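Note that this is a predicted model, so its numbers are computed, not measured. In the text below, chain A, chain B and the rest are named by the order of the sequence lines, each starting its count at 1.
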Amino acid sequence: MLRLALKRSLRLGPAVSDTPSAAVASRGYHERVVDHYNNPRNVGSFDKEDANVGTGLVGAPACGDVMKLQIKVDEDSGKIVDACFKTFGCGSAIASSSVATEWVKGKQMEEVLTIKNTEIAKHLSLPPVKLHCSMLAEDAIKAAVKDYELKKAKGAPKQE
Amino acid sequence: MVMARNLIRRLPILYQNHHHRLFSSATAAVAPSPTPPVRNDDEEIVEMKGVRVSGRPLYMDMQATTPVDPRVLDAMLPFYLSRFGNPHSRTHLYGWESEAAVETARAQVASLIGANPKEIFFTSGATECNNISVKGVMRFYRDKKRHVVTTQTEHKCVLDSCRHLQQEGFEVTYLPVKSDGLVDLDQLAAAIRPDTGLVSVMAVNNEIGVVQPMEEIGRICREKGIPFHTDAAQALGKIPIDVEKMGIALMSLSGHKIYGPKGVGALYLRRRPRVRVEPQMSGGGQERGIRSGTVPTPLVVGMGAACEIAAKEMEYDTRRVTSLQERLLNGIRSRLDEVVVNGSMEHRYPGNLNVSFAYVEGESLLMGLKEVAVSSGSACTSASLEPSYVLRALGVDEDMAHTSIRFGIGRFTTEAEIDRAIELTVQQVEKLRNMSPLYEMAKAGINLKSIQWAQH
């Protein structure tokens, strides 16, 4: 359907490249993805050494996607009080991780483990070819939580 | 003539003389878009595919296609409106004048490459020419010649034709290229066998702009008696081509890369020594049996006019494009670090600048550069998640291949456009580097290659 619209309004559309990247013509960006890209929420870094911070680093540069998601957890209540992210990846990856940081704020750690990539994908209307971006965001959340728990486990014996 | 000039101007300007701003109705009438454009003061905001742009983007993708030169359009229009005959109609004036125009165009194309007009055959484009060259030559000589030598950085149509031949039982050697994109001549000579029927190396690469050593390759092929085919779609009218000096036997040319119309191309087929091909289009035997089908007079006239203009203006254009390329590269390099140019800088057509910005992913950069029309060698912008095969053949690290952007500079690019492109690029790269964990780690002194990434 997008292809027809593109053909009809051909004069307004950019020319399709003659390199293998011709398929980009059939994909569009949902406005939420563009919004997260233009106004990213929670970009930044916490101190990795801080005992209250859990860091999740997932992905690989060779795949074109690396996400670093950090959560700041309140020790007593187990609630995530703040989150930030940094991403090397396409617009959908940036948007997925940005959404992830928004959704984890103010939730319990056990709760955020239930965030599914399909929810992120639906919120951003990601096309099938971009679903792995949302999966990576889900992995990043889980990795951040795991990192925090590991830190707590290591820290607790010392405190005693 | 006036019509042509008006057509190339941006549509809103035509209506600026009216009292009312007719922007939205005018554009809606001419080119309906998925959502109606929103009026915002003086600028016309276009919304397409979720992206809002004010005004039209700067066009910096000349390798994909070029705008038609108004002089070319002027030459073409009479053949659509009044002199519209079929050039193969032998019985009346319409046919005769159409045929005369085709022959004039043929001579114009031939003179740009130093060939005889009898050696030029018009087709629908460089893709068709590549198909005729690769498949047509090998199928004609199928009894004696079973091997083809080509490179890994060829255009998809050449690679796909070779793959097709492999399925038919031929053998193909895909030569690797050096890290600067040039083919190794010793490897090329060593790869040639007694049963090699064709060597195909493109003159100027469409992705990285590297110019191959044509004369040396031509000499090697001549010594061994093997036809040398080259895909010169990006080279025509941009670098001087002489089929005699370069020892070329077959050459693919494209109209829409030299400010001519889309849908037309030309195949150069040497007569002495004669190269035979098996036609890929069956029909009435037009174009000496090489390519059947009515020759599209207006398109062919356009291509001829484009070639003539290119012959006159090649030197001036090259000087201008070179200075614009330097301006672009220096402008970007003076404000950003870790900028890598992909491919050789010395053996390059200046109008093609393929750069990688470390730690920034290509598709996200393109999303931010929506006011500049460029393209990328990044995986995300291709249907599969693989980065460009050309960049991979150069040996570029996978993470750098994801970051490449190709800027195309041409005859109509202005300094103001270059400056604006620099501005926007620097802005977006800085923003994305702030968002990039890799940049953060690199600045902290961590060696990214030493990290064990969690693959998933």
Side-chain angles (χ1 to χ4, degrees), chain A residues 1-2 5-6 8-35 37-38 40 43-45 57-68 85-94 97 125 129-130 132-133 135-136 139 143, chain B residues 11 27 30-34 46 48-52 56-57 59 61 63-65 155-156 206-207 233 359-364 366-368 373 375-385 387-390 397-399 401-402 406 432 434-440 448 451 453-456:
Chain A
M1 187 183 62
L2 272 174
L6 186 65
R8 255 188 279 124
S9 51
L10 207 55
R11 288 214 230 169
L12 283 181
V16 176
S17 156
D18 72 326
T19 63
S21 46
V24 70
S26 55
R27 245 189 320 107
Y29 299 121
H30 191 258
E31 55 183 31
R32 282 207 184 115
V33 175
V34 177
D35 179 39
Y37 176 87
N38 285 332
V43 175
S45 270
L57 182 65
V58 295
C63 300
D65 269 323
V66 176
M67 286 185 195
K68 185 177 85 156
F85 81 99
K86 279 208 176 192
T87 296
F88 165 86
C90 61
S92 305
I94 293 175
S97 37
S125 303
V129 66
K130 292 289 178 189
H132 68 283
C133 297
M135 264 173 27
L136 204 61
D139 287 348
Chain B
L11 293 165
T27 49
V30 170
S33 48
V46 176
M48 250 186 118
K49 305 240 182 121
V51 173
R52 309 181 95 216
R56 293 178 65 79
Y59 190 73
D61 201 10
Q63 281 68 40
T65 188
H155 193 268
K156 254 301 172 57
N206 55 313
E207 277 204 48
Y359 318 119
V360 170
E361 203 269 339
E363 202 217 349
S364 57
L366 284 185
M367 206 162 129
S375 83
S376 156
S378 152
C380 288
T381 58
S382 73
S384 78
L385 291 175
S388 139
Y389 62 89
V390 172
D397 280 335
E398 293 232 6
D399 52 345
H402 282 291
R406 177 185 74 181
L432 285 167
N434 273 340
M435 272 206 259
S436 167
L438 301 179
Y439 189 64
E440 191 185 38
L448 292 170
I451 300 187
W453 296 101
Q455 301 277 353
H456 88 109

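Contact annotation for Val66(A): both backbone and side-chain heavy atoms come within less than 4.5 Å of a heavy atom of chain B. Contact annotation for Asp35(A): neither backbone nor side-chain heavy atoms come within less than 4.5 Å of a heavy atom of chain B. For Val360(B), the part sitting under 4.5 Å from any heavy atom of chain A is the backbone (N, CA, C, O) and nothing else. Only the backbone of Asn434(B) has a heavy atom closer than 4.5 Å to any heavy atom of chain A.
Pairing each heavy atom of Phe88(A) with each of Tyr359(B), the nearest pair is CD1-O, 3.3 Å. Considering all non-hydrogen atoms of both residues, Cys90(A) and Glu363(B) come closest at CB-OE1, 2.6 Å. Nearest heavy atom pair, residue Tyr37(A) against residue Leu432(B), reads OH-CD1, 3.8 Å. A pairwise comparison of heavy atoms in Met367(B) and Gly91(A) identifies SD-CA, 3.6 Å as the closest pair. Annotation for Met435(B) and Ile94(A): closest pair SD-CG2, 3.9 Å, computed over non-hydrogen atoms.
Annotation: the span from Lys86(A) atom NZ to Leu438(B) atom CG amounts to 10.5 Å, rounded to 0.5 Å.
The side-chain hydrogen bond (donor to acceptor under 3.5 Å, both in side chains) check on Ser364(B) picks up nothing, with sequence neighbours excluded.
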